[in-house]
Structure formats: C-alpha cells, structure tokens
Amino acid sequence: MKVWNWWKRKRSDRRDRLDGQEEQEARIQQPVTEPEYQMADHLMVMRLGSSHHGVYVGNDRIIYYNYYSGFVVEDTLEAFAQGARIRVIYSPVMFSRSIIISRCKSRIGERNLQGFSNRSEEFVRWARGGDFW
C-alpha cells in the first residue's frame with residue numbers, strides 16, 4: 001500500500017514537472033520584448049573582454065563615455081550595445097533621476113583623459129553618486 005501511494009505521488013510530481021516544462025517552452029517561443037529601463041539607470045554591456053557603462057536618459061537613448069572616440073556622447077541603446085546584452089547595474093545613487101540626467105548632459109562632448117581604469121564606469125558613478133571623474 002505504501003509503495004502504491006509513493007508511486008502515485010511520483011507520477012503526479014512528474015506530470016506537474018512536465019506541465020511546467022511545457023509552460024516554460026511556451027514562454028521561450030514568445031517574442032522577447034525590450035526591457036523597460038528607468039530614467040537614470042546604470043546600464044552595462046560586455047564587449048571585447050571589457051565592460052562599457054552608461055546612463056539611460058529615456059527614449060532608447062543613453063549617455064556614456066565612448067572609449068573609442070574619447071568623448072562623452074549621447075547615442076541609441078542599439079549603438080551602445082553593438083549586439084551585446086545590456087544589463088542594469090545597481091550602483092550607489094546620491095541624486096534624483098533628473099539631476100543625474102542633467103549631470104550627464106552637462107558633460108556631453110567633454111574629453112576626459114585622466115585615470116587608467118574604466119572611464120565609462122567612473123563617469124556613471126560620478127553622475128549617480130558624486131564620485132570624482
């Protein structure tokens with residue numbers, strides 16, 4: 001009797017797992033939509049073995065330190081990602097979203113050659129948290 005009850009439980013557990021698999025497969029087949037980023041989010045992509053950081057300013061636009069040109073630029077998310085997956089980073093925030101965006105916009109076109117570490121991350125941390133840049 002105990003064995004029979006165990007076998008029934010095992011079969012129902014397997015059925016539940018299969019239902020979950022079918023549900024998961026259905027979710028995978030649905031079109032993937034672009035995540036909705038919040039204004040002043042710290043976004044990051046990994047390209048060519050290094051990370052690139054920027055601040056989301058709305059309307060699929062981002063402000064970031066362009067490593068290749070050496071300038072702070074405003075560009076599209078697509079141009080920023082260059083096919084890589086965009087991630088949201090939770091970095092310290094000392095200012096409101098509007099102040100963070102205005103701080104970023106105040107630096108567009110600026111060229112900063114100081115420092116030897118990741119200047120794009122330093123730029124975002126400065127905009128969001130007031131660190132040196």
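Values reported hereafter were calculated over all heavy atoms of this structure, with side chains retained and with hydrogens, waters and symmetry mates removed. The residues of the chain are indexed from 1 along the displayed sequence.
Residues that satisfy the side-chain contact (heavy atoms from CB on, under 4.5 Å) test with M94, not counting sequence neighbours, are absent from this structure. For S98, the side chain to side chain donor-acceptor pair (under 3.5 Å) test picks out S96, with sequence neighbours left out. Qualifying side-chain contact (heavy atoms from CB on, under 4.5 Å) partners for V93, counting only residues two or more places apart in sequence or in other chains: I100, R128.
Under a hydrophobic clustering in which Ile, Leu, Val, Met, Phe, Trp and Tyr are joined whenever their side-chain heavy atoms come within less than 4.5 Å, directly or via other members, V45 and I89 fall into different clusters. Note on M39 and F95: same hydrophobic cluster, where clusters join Ile, Leu, Val, Met, Phe, Trp and Tyr whose side-chain heavy atoms are under 4.5 Å apart, directly or indirectly. The same ILVMFWY cluster, assembled from side-chain heavy atoms under 4.5 Å apart, contains both V88 and I62. Under a hydrophobic clustering in which Ile, Leu, Val, Met, Phe, Trp and Tyr are joined whenever their side-chain heavy atoms come within less than 4.5 Å, directly or via other members, V57 and I108 fall into the same cluster.
Side-chain contact between E122 and R119 is present, with at least one heavy-atom pair separated by less than 4.5 Å. With a 4.5 Å cut-off on side-chain heavy atoms, R125 and H53 do not count as touching. D41 has its side chain within reach of R97: a pair of non-hydrogen atoms, C-beta onward, lies under 4.5 Å apart.
More than 12 non-hydrogen atoms from other residues, nucleotides or ligands lie less than 6.0 angstrom from CZ of F71. Other residues, nucleotides and ligands contribute only 12 or fewer heavy atoms inside 6.0 Å of the OH atom of Y90.
Residue E121 holds its CD atom at 12.0 Å from NE2 of H52, rounded to the nearest 0.5 Å. Taking CZ of R107 as the reference point, atom OG of S102 lies at 12.0 Å (rounded to 0.5 Å). Atom-to-atom distance recorded for S106:OG and I99:CD1 is 12.0 Å, nearest 0.5 angstrom.
Closest non-hydrogen pair, M44 versus S51, comes out as SD-CB, 3.6 Å. Contact record, A40 with V55: CA-CG1, 3.7 Å, taken as the closest heavy-atom pair. In terms of heavy atoms, R111 sits closest to S69 at NH2-O, 3.7 Å.
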*Taking it one step at a time, do Y64 and V72 satisfy side chain to side chain contact (heavy atoms under 4.5 Å, CB included)?*
CA-CA 6 Å; Y64 64 101; V72 175; over 6 Å; no
*Run the ring-ring contact (aromatic ring centres under 6.0 Å, His included) check on Y65 and F123 step by step: do they pass?*
CA-CA 7 Å; Y65 177 80; F123 168 72; 7.7 Å; no
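Identified under the salt bridge (Lys or Arg N to Asp or Glu O under 4.0 Å) test for residues 64-77, with sequence neighbours left out: R61-E74. Pairs passing the salt bridge (Lys or Arg N to Asp or Glu O under 4.0 Å) check and including a residue from residues 48-57, sequence neighbours excluded, do not occur.
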Enumerate donor-acceptor pairs with a distance under 3.5 Å from any side-chain N or O in residues 76-85 to protein atoms, sequence neighbours excluded.
{"unit_1": "T76", "atom_1": "OG1", "unit_2": "A79", "atom_2": "N", "d": "3.1"}
{"unit_1": "Q82", "atom_1": "OE1", "unit_2": "R47", "atom_2": "NH1", "d": "3.4"}

